[in-house]
Amino acid sequence: MLQVAFIKENKEDVIARLAKRNIDATKIINDVIALDEDRKAIQTNLDNTKAESNAISKEIGNLFKSGEAQKANLLKEKTTQLKEVTKTLEQQLNDKVDGLNELLYRIPNVPNPLVPAGNTDEDNEETFREGDIPTLHQGALPHWELAKKYDIIDFELGNKITGAGFPVYKGKGARLQRALITYFLDKNTAAGYTEYQVPHLVNEASGFGTGQLPDKEGQMYHVTADNLYLIPTAEVPATNIFRDSLLNESDLPSAITGYTPCFRREAGSYGAHVRGLNRLHQFDKVEILRVEHPDNSYKALDGMVEHVKEILKELKLPYRILRLCGGDLGFTSALTYDFEVFSTAQDRWLEISSVSNFETFQANRLKLRFKNSEGKNELCHTLNGSSLALPRVLAGILENYQTEDGIKIPEVLVPYTGFDIIS
RNA sequence: GGAGAAAUGGCAGAGUGGUCGAAUGCGGCAGUCUUGAAAACUGUUGAGGGUCACACCUCCGGGGGUUCGAAUCCCUCUUUCUCCGCCA
């Protein structure tokens, strides 16, 4: 969430930049500022009342000590009154703070100036494209047909065991998936990311820290018996590693990577676009995450983009990079680049990575700060991205690498798979 | 799951009703000394709100209560440790 001080200091700019998300934030911003003024007035009033009763309490203590009990008892009456006042003011203060937070939770992050205006994914700006789209042989198939033909992914079996959106990977399909995970992790650790294995269930505080709660709980599976949530992305546990921390400037940047399964309810999704591996309830993903000094975060974002590019280049998959427009930008992000791989047999682009700078938006909620060179505590910037989301990469490989003889394995993966063709 | 113990500043660890935002040690920072470093010595060193700056308010795991006054007493939740049970 945004900081009130920041909103106050940059009011017009905040409203102007939020307009890129096609929202008129004028009212809510004004309400925030007004509520904060109220809050401050009540706070001051409360502080003064408390100061008065603290002083009297001290006096009472002294009077008892010097044996003037009668005087002390007289003063007690006064503090009883003050206590009533304190109680009322505290209630008022809580109401204001709750009201203020309620508003703040609803304000999305302020887009970076680079974010193009626009409403839908049609307005996203393509910034880069690489890799040749292969010309497929006669009778080329979409990946779900290939999966069946070579018996490497069984969607029906998943239906039986769990339900739609929980595929079962078999034989070389399973091995290819594992190869990809290991390959991605190797690439990430080679680039300086430290590998972590994090929990796949998180508590409420963690869901809140990264912004899934309180609003977007519908996207997560909730284990009610223990009040835990299955993670929709490794971002949640990995970012919460840093919740409530005060780092030294020398600890920055901190870069971590991790593989986890991801669970998403995807309520309301249906149709051809969710066929096969396109959209699942459970999928695997390797995530990269950075905690950066504010001065360095955009450089770091570019670095992450370059890193993901390198992986796709090595895999020799046709892909493009989009700079998300205001209307498509995630709630918590200031600037996001989406990577899409071309699914040749489906003739459409599939999102396989999303790399974002959240600036201080998450750090504010997480209370993730560092001690700067002046000795002051300052919020860190957080960034994360996928490197990469497995199923759609797999779909891309299956479709783009299919030949009449079978599915070739990208060269860089052969050491990991131990075979070079699925036939 | 059962029984018991505990939770204090970056860390370790005192503190059982008022003078405690909290002794002491370590660590950090600054200085003295030194060609430089180490050692030694001296000083300094939590967070949030508030203020031009002070003042002032809040925070001793979370929440609630008793009291004029709570780190300290009571209730409750969470977590950790020890023992027992179960177990990959």
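Please read these numbers as outputs of a predicted model, since none were measured by experiment. Order of the sequence lines sets the chain letters (A, B, ...), proteins ahead of strands, with each chain counted from 1.
Between Phe166(A) and Phe263(A), the ring centre distance reaches or exceeds 6.0 Å.
Comparing C20(B) with A70(B), their P atoms sit 15 Å apart, to the nearest whole Å. Annotation: C11(B) and G27(B) have their C1' atoms spaced 7 Å apart (nearest Å). The P atoms of C74(B) and A7(B) are separated by 13 Å, rounded to the nearest whole Å. With C1' as the reference atom, G62(B) and C86(B) are 30 Å apart, rounded to whole Å.
Salt-bridge formation is detected for the pair Lys309(A)/Glu306(A): a Lys NZ or Arg NE/NH1/NH2 atom is positioned less than 4.0 Å from an Asp or Glu carboxylate oxygen.
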Side chain to side chain donor-acceptor pair (under 3.5 Å) for Lys316(A) and Asn400(A)? Distances and angles first, verdict last. CA-CA 9 Å; Lys316(A) 296 192 173 130; Asn400(A) 288 299; over 6 Å; no

Would Gln212(A) and Glu235(A) count as a side chain to side chain donor-acceptor pair (under 3.5 Å) here? Give the steps. CA-CA 11 Å; Gln212(A) 276 71 27; Glu235(A) 171 190 342; 4.7 Å; no

Would Asp186(A) and Tyr416(A) satisfy side chain to side chain donor-acceptor pair (under 3.5 Å), going step by step from the backbone distance to the final call? CA-CA 11 Å; Asp186(A) 283 356; Tyr416(A) 292 94; 2.7 Å; yes

Run the side chain to side chain donor-acceptor pair (under 3.5 Å) test on Asp95(A) and Gln91(A) for me, step by step, so that the C-alpha distance in whole Å, both residues' side-chain angles and the decisive distance to 0.1 Å come before the verdict. CA-CA 6 Å; Asp95(A) 290 348; Gln91(A) 187 54 52; 3.3 Å; yes

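The separation between Phe370(A) atom CZ and A47(B) atom C1' is 17 Å, rounded to whole Å. Rounded to an integer number of Å, the gap from CZ of Arg243(A) to P of A47(B) is 21 Å. Between Glu249(A) atom CD and G28(B) atom P the separation is 18 Å, expressed in whole Å. Rounded to an integer number of Å, the gap from CG of Leu93(A) to P of G48(B) is 18 Å. Taking atom NZ on Lys83(A) and atom P on C68(B), their separation rounds to 6 Å, with Å as the unit. As rounded to whole Å, 16 Å separates atom P of G50(B) from atom NZ of Lys96(A). Counting to the nearest Å, the P atom of G10(B) and the CG atom of Asn377(A) are 10 Å from each other. Between the CG atom of Asn94(A) and the P atom of G63(B) there is a distance of 11 Å, rounded to whole Å.
Across all strands shown, nothing is found opposite U51(B) as a Watson-Crick or G-U wobble partner with both distances under 3.5 Å. Across all strands shown, C59(B) forms a Watson-Crick or G-U wobble pair with G46(B), both key distances being under 3.5 Å. Across all strands shown, C68(B) forms a Watson-Crick or G-U wobble pair, both distances under 3.5 Å, with G18(B). G9(B): no Watson-Crick or G-U partner with both key distances under 3.5 Å is found in any strand. Under the Watson-Crick or G-U wobble criterion, with both distances below 3.5 Å, A40(B) is paired with U32(B).
Between the side chains of Arg275(A) and Asn278(A), no donor-acceptor pair of N or O atoms lies under 3.5 Å.
Note: Arg279(A) CZ to Arg264(A) CZ = 9.0 Å, rounded to the nearest 0.5 Å.
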N/O to N/O distances under 3.5 Å, protein versus nucleotides 51-58 of chain B:
unit_1	atom_1	unit_2	atom_2	d
C57(B)	OP1	Asn54(A)	ND2	3.1
C57(B)	O2'	Asp47(A)	OD1	2.9

Between the protein and nucleotides 16-18 of chain B, list every N/O to N/O distance that falls short of 3.5 Å.
unit_1	atom_1	unit_2	atom_2	d
G18(B)	N2	Ser57(A)	O	2.8

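Comparing Arg369(A) and Ser53(A) along RNA chain B, the residue whose closest nucleotide (by nearest heavy atom) sits nearer the 5' end is Arg369(A). The residue among Thr80(A) and Leu246(A) whose nearest nucleotide of RNA chain B lies closer to the 5′ end is Leu246(A).
With a 6.0 Å radius and a threshold of 12 heavy atoms from other residues, nucleotides or ligands, Lys58(A) has its NZ atom at or below the threshold. Around the CD atom of Glu102(A), the shell of radius 6.0 Å holds no more than 12 heavy atoms that belong to other residues, nucleotides or ligands.
For the side-chain contact (heavy atoms from CB on, under 4.5 Å) with Asn124(A), the lone residue among Leu329(A), Val115(A), Leu322(A), Asp338(A) that qualifies is Leu322(A). The only option from Glu292(A), His381(A), Glu359(A) that meets the side chain to side chain donor-acceptor pair (under 3.5 Å) definition with Tyr298(A) turns out to be Glu359(A).
Between His293(A) and Phe370(A), the angle of the ring planes lies from 30° to 60°, which puts this pair in the tilted group.
Using a 4.0 Å cut-off, no side-chain N or O of Lys367(A) falls inside it from OP1 or OP2 of G48(B).
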With B for base contact, S for sugar-phosphate-only contact and - for none (protein heavy atoms under 4.0 Å), nucleotides 72-77 of chain B reads ------

